[in-house]
Amino acid sequence: MSKPCDQLPLFADGDLPLAESQAFGKHLADCAHCQTALTRHLQLDQMGRRYLERHGPITIPWHAMPRNRWFAAGAALVAVALGVLLGVGGVGRRVSSPEPALWAGTSRTLEARVTYPGADQYRRPAQALMGGGTPSATASRPLTVMSELERRGDLSQLVAAYLTAGPPEPKNAKDLLARMHAERQGDPADVLSDMGAAYYASSKNQDPAWALRELREALRLLHQALELKPTHLQAHWNRALVYRDLGLPLLAIQDLEAVEAQETNPAWRAEAREKRRKLADVTTRQQRWEAANSAGAELVARGAQALDEAMRYADVPMMRRDFYHAVRSRTSREDVLALLPLAEALDAKAGQQTVLADYLRSVASRDFSRRAPLAEAYGRWAMGTVEPSGKEPLLRTFLASNEDDITLGALVMFSPRGPDSEYAEKLITLGNSSPDPWFKVLALQERADRSRQKDRYDLALSDLRQALELCTQEHLVYRCTEVRNDLAYVSGWLFQLQDAERFAREGLTQARLGQWEQERMLLQALGSVARMAADVTLGRAYFGEALLMGGGKELARNIHENLAHLAIKALELDVARDEINQALATGLPLTQHGVAALADIARTRRAAGDVEAVQQGLASDPPVTEGQHAFVKSLQGRFLLEADPAQGHALLVDAIEQATRAEAAASVAGWTDITAQHARAYGFTSLIFDDARREDFATALARFGSELGFDTPGSCVLGLTEDTERQLLVGRGADGQLLKRYLPSRTERMPVDMTDVVPPDMVKALRPCASVDVLARPPLQGRSGLLPADMAWRYRALAVARQPPVGRGTHLVVNEVRYAEQRNETPLRWTARITPDEDLMTLTDLAATPSRVLAEMPKASEIDLATHGKVAPGPKSTYLLLAPETNGSDMLTEELIRKMKLPKAPLVILAACEAARGTTALHELGSLPNAFLAAGARGVVAATLSIPDEDSSVFFGNVRDRLRAGSPLGTAVRDERQQWLQRSASNSWVNGVLVFE
């Protein structure tokens with residue numbers, strides 16, 4: 001006969017009938033043996049959960065285990081607790097009290113701080129082991145205690161336990177904090193601070209890309225916490241750690257100083273002080289750079305007399321730059337040869353045997369009776385004692401001499417050099433003819449800059465990539481850092497943000513070898529990438545750190561202009577006004593970038609002097625190309641539209657016409673005029689919103705089609721756009737009735753999930769439509785939920801529908817890709833639907849490389865790309881992951897697709913997670929689907945969400961069957977989506993499937 005204790009396993013698993021379960025609960029209250037056994041049983045279950053978390057394909061948070069299991073465990077704990085409470089006459093309570101078993105340790109495993117008071121008592125950080133790493137926690141989380149916290153709803157202590165009572169489990173903490181946030185439990189600033197701590201914990205022991213993503217999110221959350229409560233102690237502490245790990249020590253020091261000023265616990269205060277002391281070592285980098293800079297200047301001024309000090313800093317990359325200046329400034333053979341030790345040291349550092357020593361000997365052989373006066377004049381120029389008006393005559397003197405090295409040095413120092421300047425051409429010629437790779441790299445940079453000034457960013461990118469290869473090969477650290485900054489700028493202007501960020505990060509790593517001013521420069525480059533990616537918090541961090549590093553008026557102006565743009569993105573227009581005022585306070589004219597910010601700000605916060613500031617800013621940087629002239633007009637028109645509507649309107653119309661001509665001419669020549677794109681896009685933005693302001697919504701809607709090159713449909717159409725503080729939805733219903741919703745002053749931007757953005761009355765008017773054309777201006781295209789799931793709609797970007805050639809076609813299928821081993825990705829299963837009149841071309845396994853896929857796509861009339869879609873953590877642009885090339889490249893990006901031509905107008909199925917995601921670009925429709933349309937596709941189907949491989953294979957296959965039966969693409973997707981949603985609510989991923997045509 002069985003004993004009551006024998007029922008324990010069934011009770012723990014929730015398999016006992018209710019009556020027996022209740023009876024066993026009474027037995028459990030008095031049975032110490034069963035209480036111990038139940039604890040062990042649940043601990044084993046917990047171990048299994050942890051194993052699955054770390055090694056298995058699924059993650060099961062502790063608090064989300066099967067309900068019956070926790071119902072049983074909860075019943076057991078309730079029975080035990082009731083027995084105890086009844087014995088002492090107590091009653092249950094929800095007031096949080098610290099659990100001693102959780103907080104008894106003497107050290108903490110998480111460097112960050114949590115807000116639960118019992119867990120925020122000072123414990124020293126876990127010590128590092130001599131062999132590396134940190135010791136494993138000696139204390140574990142008692143399961144009975146964790147169960148009790150869950151039972152009584154003590155989520156704050158439960159979060160703290162997951163983060164600090166043993167090895168951090170940030171995934172579980174994040175889940176609980178998301179629940180607290182959704183249910184509005186706890187102090188909002190505390191919840192945000194703890195979420196920041198959880199993301200900070202998640203960044204540890206991860207690959208760099210993951211760690212960076214988690215740190216960015218942590219920074220955003222902590223910034224929000226401090227906006228709610230500026231004196232939040234734990235948020236300041238945690239943000240200091242995030243700043244430190246992002247490589248922003250000066251900002252971290254500021255937060256630690258805030259902690260020291262508020263903290264009353266001497267142990268926490270001492271640790272904050274020690275962290276600040278370690279971070280303050282950053283000033284030694286600055287001091288060493290300043291000393292090296294001073295030594296270089298002395299070398300130029302005094303030659304051999306300053307050699308010993310210069311030799312001390314031979315490892316600082318800029319010393320080679322100063323060496324050239326010093327050689328050119330020497331007025332005798334003996335003075336030149338005296339610099340030989342430094343030449344040999346610099347040669348050795350670059351791995352070059354004799355490049356600089358040979359140069360030195362070559363200069364020493366010159367006729368100094370002729371060279372000496374030129375060298376003396378060059379030295380005065382290099383030391384900054386030549387007046388601006390005297391520089392060009394002096395340069396002409398150098399050009400007339402045969403002292404090419406002096407001429408080359410003067411050409412580098414002379415600016416500005418216009419794109420068609422004879423000086424730029426001479427610099428390139430002399431640099432290319434030099435045996436020294438330093439000047440060959442400089443020549444490539446100059447050629448790239450000349451191309452950039454003419455908006456030929458494609459040519460500039462090619463030259464800079466060549467320059468990077470050469471300077472890397474020759475170990476020219478200073479030049480490579482400059483080249484990477486140039487590459488970050490050019491890639492950013494091309495909106496290749498992933499590349500731009502990579503170049504900036506690589507450059508920053510090099511700059512930290514001792515180049516303080518280059519470090520500051522690369523932080524600004526990273527800030528610009530963050531701004532273009534609409535990451536306001538991170539952008540402010542990078543620019544804020546650069547501002548703390550100092551650097552003069554020009555740097556301050558540029559940073560405040562960028563901070564103004566970031567404030568505009570955050571819809572903080574008072575902050576934006578203050579930033580642009582600080583830029584103006586430098587006394588320097590605004591750049592065009594600053595004028596663009598002021599044009600946005602002045603609509604609602606115009607100030608005296610703005611007209612003059614715009615005029616001075618535009619006059620200081622005169623345009624060169626037709627696209628640049630159009631851009632200047634668009635800025636003028638945008639600024640004037642409110643104050644002088646007639647003149648502003650005329651300028652904008654003219655800017656659009658001029659930009660259109662420039663774009664067309666560039667397209668014929670095989671390149672893209674990006675400045676003209678900006679001018680045209682911003683021109684349409686201003687005119688559309690001016691129409692809305694005047695309540696001329698019909699004209700506003702017509703402009704949506706005009707911008708895309710076709711007449712806006714007279715019915716079943718919806719246009720949407722936003723611009724800083726303004727938002728507009730305008731369309732025509734099934735009967736042609738005009739639909740409108742204009743917000744002239746909004747407090748938040750349109751969400752990524754557009755559900756409920758379109759008002760019910762507009763949805764009602766559009767519902768009878770067989771299909772709705774959505775004309776979404778950037779950056780709004782590619783967002784899901786805009787219209788209900790039972791309506792057929794598409795994002796329209798093409799003027800005329802494309803058709804594949806008549807006859808037998810080729811169906812290209814890319815699936816079961818074998819990814820690079822370090823990617824740790826599983827090949828996706830995908831079955832294509834092929835008809836008898838199609839030839840199948842399949843790329844699988846290691847054959848599915850980017851180059852092979854690009855080579856085969858132009859031959860196809862149907863394309864299925866079943867592979868992983870990935871989102872770059874910083875720029876948040878999507879790319880397709882493919883098999884690695886021999887050089888390791890495995891990404892199919894938007895820019896690669898746009899360069900293709902797809903003559904057979906294929907329908908493209910992107911069976912990849914988040915492949916429909918749009919970019920933050922304002923000047924063009926940016927996304928993978930739009931890249932395929934630009935290349936010649938007739939239509940694209942892609943999803944904004946994560947999608948399952950086998951189910952998506954069936955879903956997209958059924959869509960193709962519906963198309964072959966005659967359904968339009970939007971209708972086919974709608975009908976198939978409805979069937980899947982009716983079958984199961986778990987198929988909600990189909991709501992993210994979008995149509996682009």
Side-chain angles (χ1 to χ4, degrees), residues 51-59 170-171 199 202-217 491 496-503 505-506 509 529 533 812-831 842-857 863-897 908-917 919 927-928 931 942-953 989:
Y51 181 87
L52 286 173
E53 276 188 349
R54 296 170 184 173
H55 305 288
I58 51 177
T59 299
K171 172 65 170 67
Y199 275 92
S202 183
S203 73
K204 296 302 174 183
N205 302 316
Q206 301 288 350
D207 69 82
W210 175 275
L212 186 59
R213 183 174 67 181
E214 298 298 277
L215 288 172
R216 281 174 158 145
E217 183 62 12
S491 299
Q496 297 173 13
L497 300 189
Q498 193 172 358
D499 283 344
E501 182 179 38
R502 174 172 58 84
F503 288 129
R505 290 200 179 283
E506 290 172 353
T509 299
V529 174
L812 173 65
V813 177
V814 178
N815 66 344
E816 297 183 12
V817 177
R818 189 192 300 183
Y819 306 103
E821 186 175 349
Q822 64 270 23
R823 291 284 191 179
N824 195 27
E825 296 286 356
T826 304
L828 300 181
R829 291 158 290 188
W830 172 270
T831 303
T842 304
L843 289 176
T844 63
D845 205 68
L846 290 175
T849 62
S851 61
R852 281 293 307 278
V853 172
L854 288 168
E856 296 298 334
M857 282 197 289
I863 297 174
D864 294 343
L865 294 172
T867 186
H868 288 293
K870 295 292 180 181
V871 180
K876 298 177 183 175
S877 55
T878 303
Y879 60 90
L880 300 180
L881 194 62
L882 295 172
E885 308 275 8
T886 54
N887 63 2
S889 174
D890 60 359
M891 295 185 294
L892 186 60
T893 60
E894 181 183 342
E895 54 267 24
L896 290 174
I897 295 165
V908 181
I909 300 293
L910 295 181
C913 295
E914 302 185 76
R917 179 194 286 265
T919 70
S927 66
L928 291 175
T944 60
L945 307 174
S946 296
I947 61 176
D949 58 348
E950 292 185 80
D951 280 357
S952 67
S953 176
W989 63 269

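Quick note: numbers below take in every heavy atom, side chains included, and nothing from hydrogens, waters or symmetry partners.
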**Item:** Heavy-atom side-chain proximity of Arg852 to Leu882 below 4.5 angstrom
**Value:** no

**Asked** Hey, is the main chain of Val817 close enough, under 3.5 Å, to the side chain of Asp845 for a donor-acceptor pair?
**Response** no

**Asked** Between the main-chain N or O of Arg829 and the side-chain N or O of Asp949, is there a donor-acceptor pair closer than 3.5 Å?
**Response** yes

**Request:** Identify the heavy atoms of Leu497 and Val529 that sit nearest to each other, and give their distance.
**Result:** O-CG1, 3.9 Å

**Request:** Indicate whether any N or O donor in one side chain lies under 3.5 Å from an N or O acceptor in the other, for Ser202 and Glu214.
**Result:** yes

**Message:** Looking at Glu501 and Arg505, is there a salt bridge between them, counting it only when a charged N and a carboxylate O are closer than 4.0 Å?
**Reply:** yes

**Asked** Ignoring hydrogens and geometry, is there a side-chain-to-backbone donor-acceptor pair from Thr878 to Glu914 under 3.5 Å?
**Response** yes

**Side-chain touch Asn815/Thr844, heavy atoms, less than 4.5 angstrom** = yes

**Request:** Measure from the side-chain N and O atoms of Ser953 to the backbone N and O of Thr831, and report whether any donor-acceptor pair falls under 3.5 Å.
**Result:** yes

**Message:** Counting C-beta onward and ignoring hydrogens, is there a side-chain heavy-atom pair between Met857 and Leu812 closer than 4.5 Å?
**Reply:** yes

**Message:** Restricting to side-chain contact (heavy atoms from CB on, under 4.5 Å), what partner residues turn up for Leu881, sequence neighbours left out?
**Reply:** Tyr819, Arg823, Glu825, His868, Lys870, Tyr879, Asp890

**Message:** I'd like to know if the side chain of Ser851 pairs up with that of Glu885 as donor and acceptor (distance under 3.5 Å, no hydrogens or angles considered).
**Reply:** yes

**Prompt:** With side chains defined as the heavy atoms from C-beta onward, is the minimum distance between Trp989 and Pro948 less than 4.5 Å?
**Reply:** yes

**Prompt:** Taking C-beta and beyond as the side chain, do Glu506 and Arg502 meet within less than 4.5 Å on heavy atoms?
**Reply:** yes

**Request:** Please assess Leu928 against Leu910 for the test side-chain contact (heavy atoms from CB on, under 4.5 Å), listing each intermediate value before the final yes or no.
**Result:** CA-CA 9 Å; Leu928 291 175; Leu910 295 181; 4.1 Å; yes

**Message:** Could you tell me if the side chain of Ile909 sits less than 4.5 Å from the side chain of Leu865, heavy atoms only?
**Reply:** no

**Message:** Are the side chains of Thr944 and Arg917 in contact, using a 4.5 Å heavy-atom criterion?
**Reply:** no

